[in-house]
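Structure, as structure tokens:
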Amino acid sequence: MALHSSAACFNGVGISRRDFVSCRRRTVKVSAFSCPPLSSIARLNVKGKAVRGNDAPETKDNSLVVCFGEMLIDFVPTVSGLSLAESPAFKKAPGGAPANVAVGISRLGGSSAFIGKVGEDEFGYMLADILKENNVNSEGMRFDPGARTALAFVTLRNDGEREFMFYRNPSADMLLEESELDYDLIRKAKILHYGSISLITEPCKSAHIAAAKAAKDAGVILSYDPNLRLPLWPSAESAREGILSIWEIADIIKISEEEISFLTKGEDPYDDAVVRKLYHPNLKLLLVTEGPDGCRYYTKDFSGRVKGLKVDAVDTTGAGDAFVAGILSQLAVDLSLLQEEDRLRDALKFANACGALTVTERGAIPALPTREVVLNTLLKSVA
């Protein structure tokens, strides 16, 4: 199957890269929101209107979340519990943690943008089109004519948990250069969100560091989800060093129980004293996700746990990204949530519901919920 092509085909029409980049894009103008107390959920309406225009998507500067990093194709098996070799077929699904978060925020009615690189191939154009369809600003997306869009084959266990096999040696996302960054887009963000995969190799590592520095200098909040993918790193020690190398510049960090154990070399992730070791002096919020059990939160002044929603898991791919989208979509509108524990807990209930709903379908981006669906789910959970 030839992936490199001078034209991509959307809706049966061949369009070149140049034509594609200048295609009409949709924008969504939304009302600012934060997750209310559950008692007031019933009074909420979803406010959003899609508008077509000739220009690049408009963004609300005061609530824009820019997501930096990889976007790729996940191949998810149609039958769980089988090895890759045994799987009879795979469902093609767009993915990549930062892109998942960008789409997740947009689905929830927020304002988001993606910065990253894909191949100048059919899959790359497909991913760019998916961002457009989901009203994500893609001005910062770049196409590489000499490298393929990354692919990941996912093995689903019977409980929905997964393992990955990546095809990226190198893939286009690894080749984003500092000179290709859209600094204007970065500086007008309220939050810049990123992971650690973009730190693994050059030139993307330097681009990542430059993007974070530009954002920090402009007063943008930095959000970090390490999203550990050990097979992509040269070694476990290089992964630990790489992830921790940018730890102390982040304002918000989301980690999993497994990542706590990894970063602390085997210490107990349920011990608050262990978690507090990872809390650096300038951190505003540390979140620990616990899958179906919900999450823990830590600030300078308070900490606690918010229970999750119980659902039947089909595919856990993207659950953490949906959670991140849920909390960032609210913090981008109102950072004072970080100082008010009751309101932060409500926001985290919303984020937990985002993550729970995502595991009920296969694939990451296809399963990301809308705000209306999340609110309805929360209503039912307290009925």
Side-chain angles (χ1 to χ4, degrees), residues 8 17 20-21 23 25-28 30 55-61 63-74 93-120 123-144 149-150 152 168 171-178 180-198 204 207-208 210-212 214-215 220-225 227 318 320-322 324-326 328-329 332 363-366 368:
R17 174 188 174 191
F20 173 76
V21 173
C23 272
R25 292 168 174 164
R26 290 179 286 180
T27 65
V28 171
V30 299
D55 299 322
E58 297 175 3
T59 53
K60 295 177 65 176
D61 291 2
S63 63
L64 174 65
V65 180
V66 174
C67 299
F68 174 95
E70 70 279 1
M71 189 173 192
L72 48 83
I73 304 289
D74 287 326
N100 294 344
V101 173
V103 173
I105 288 169
S106 183
R107 290 256 178 97
L108 295 170
S111 175
S112 66
F114 175 75
I115 292 178
K117 202 171 194 181
V118 294
E120 192 173 320
F123 283 143
Y125 289 124
M126 186 194 90
L127 293 174
D129 195 43
I130 285 165
L131 292 181
K132 182 184 69 166
E133 289 171 357
N134 283 280
N135 303 300
V136 175
N137 181 320
S138 60
E139 291 174 349
M141 194 172 195
R142 303 291 179 256
F143 296 81
D144 194 304
T149 299
R168 58 191 304 269
S171 53
D173 60 288
M174 302 163 68
L175 302 176
L176 180 68
E177 298 186 14
E178 187 177 341
E180 296 176 303
L181 292 174
D182 187 331
Y183 285 103
D184 289 339
L185 185 60
I186 292 168
R187 293 186 182 106
K188 72 180 181 181
K190 182 72 167 287
I191 298 173
L192 176 69
H193 176 73
Y194 47 80
S196 68
I197 290 174
S198 46
C204 191
H208 179 137
V220 177
I221 295 293
L222 300 186
S223 167
Y224 183 26
D225 176 3
N227 194 35
D321 303 326
V324 171
L328 292 187
S329 65
I365 286 177
L368 294 168

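These numbers were taken from a predicted model, which means no experiment stands behind them. In this chain, numbering begins with 1 at the start of the sequence shown.
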Restricting to non-hydrogen atoms, name the atom on [X] and the atom on [Y] that form the minimum distance, rounded to 0.1 Å.
| X | Y | result |
| --- | --- | --- |
| L72 | A152 | CD1-CB, 4.2 Å |
| A102 | A113 | CB-O, 4.0 Å |
| G363 | A93 | CA-CB, 3.9 Å |
| G124 | M141 | O-CE, 4.4 Å |
| A172 | G119 | CB-N, 3.3 Å |
| A150 | R168 | CB-CB, 4.1 Å |

Set of residues satisfying salt bridge (Lys or Arg N to Asp or Glu O under 4.0 Å) with respect to E177, sequence neighbours excluded: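 E177 satisfies salt bridge (Lys or Arg N to Asp or Glu O under 4.0 Å) with no other residue.
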All salt bridge (Lys or Arg N to Asp or Glu O under 4.0 Å) counterparts of D74, not counting sequence neighbours: none
Can you measure from [atom1] ([X]) to [atom2] ([Y]) and round to the nearest 0.5 angstrom?
| X | Y | atom1 | atom2 | value |
| --- | --- | --- | --- | --- |
| D129 | S138 | CG | OG | 9.5 Å |
| D173 | L127 | CG | CG | 10.5 Å |
| C204 | L175 | SG | CG | 8.5 Å |
| M126 | M71 | CE | CE | 7.5 Å |
| L64 | R187 | CG | CZ | 14.5 Å |
| N137 | S111 | CG | OG | 7.5 Å |

Audit row: V103, E133, side chain to side chain contact (heavy atoms under 4.5 Å, CB included) steps and yes/no: CA-CA 10 Å; V103 173; E133 289 171 357; over 6 Å; no
Between [X] and [Y], is any pair of side-chain heavy atoms under 4.5 Å apart?
| X | Y | value |
| --- | --- | --- |
| I105 | L108 | no |
| N134 | R107 | yes |
| C67 | V65 | yes |
| E139 | D184 | no |

Evaluation steps, salt bridge (Lys or Arg N to Asp or Glu O under 4.0 Å), between K117 and D144: CA-CA 7 Å; K117 202 171 194 181; D144 194 304; 3.2 Å; yes
F68 ring center near F114 ring center (under 6.0 Å):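 Aromatic pair excluded; centres sit 6.0 Å or further apart.
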Verdict with reasoning, V220 to K190, per side chain to side chain contact (heavy atoms under 4.5 Å, CB included): CA-CA 5 Å; V220 177; K190 182 72 167 287; over 6 Å; no
Steps toward side chain to side chain contact (heavy atoms under 4.5 Å, CB included) verdict (I115, L181): CA-CA 8 Å; I115 292 178; L181 292 174; 4.1 Å; yes
Partners meeting side chain to side chain contact (heavy atoms under 4.5 Å, CB included) with A97 (sequence neighbours left out):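 A97 satisfies side chain to side chain contact (heavy atoms under 4.5 Å, CB included) with E70, N227, D321 only.
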Partners passing side chain to side chain contact (heavy atoms under 4.5 Å, CB included) against S223 (at least two apart in sequence or in another chain):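 Once residues adjacent in sequence are excluded, the partners of S223 under the side chain to side chain contact (heavy atoms under 4.5 Å, CB included) criterion are I191, H193, I252, L328.
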Check: G116 main-chain N/O paired with R142 side-chain donor or acceptor under 3.5 Å: no
Trace of the side chain to side chain contact (heavy atoms under 4.5 Å, CB included) decision for V118 with F123: CA-CA 8 Å; V118 294; F123 283 143; over 6 Å; no
Sequence-distant partners of Y224, ring pair (Phe, Tyr, Trp, His ring centres under 6.0 Å), two or more places apart: Y194, W247
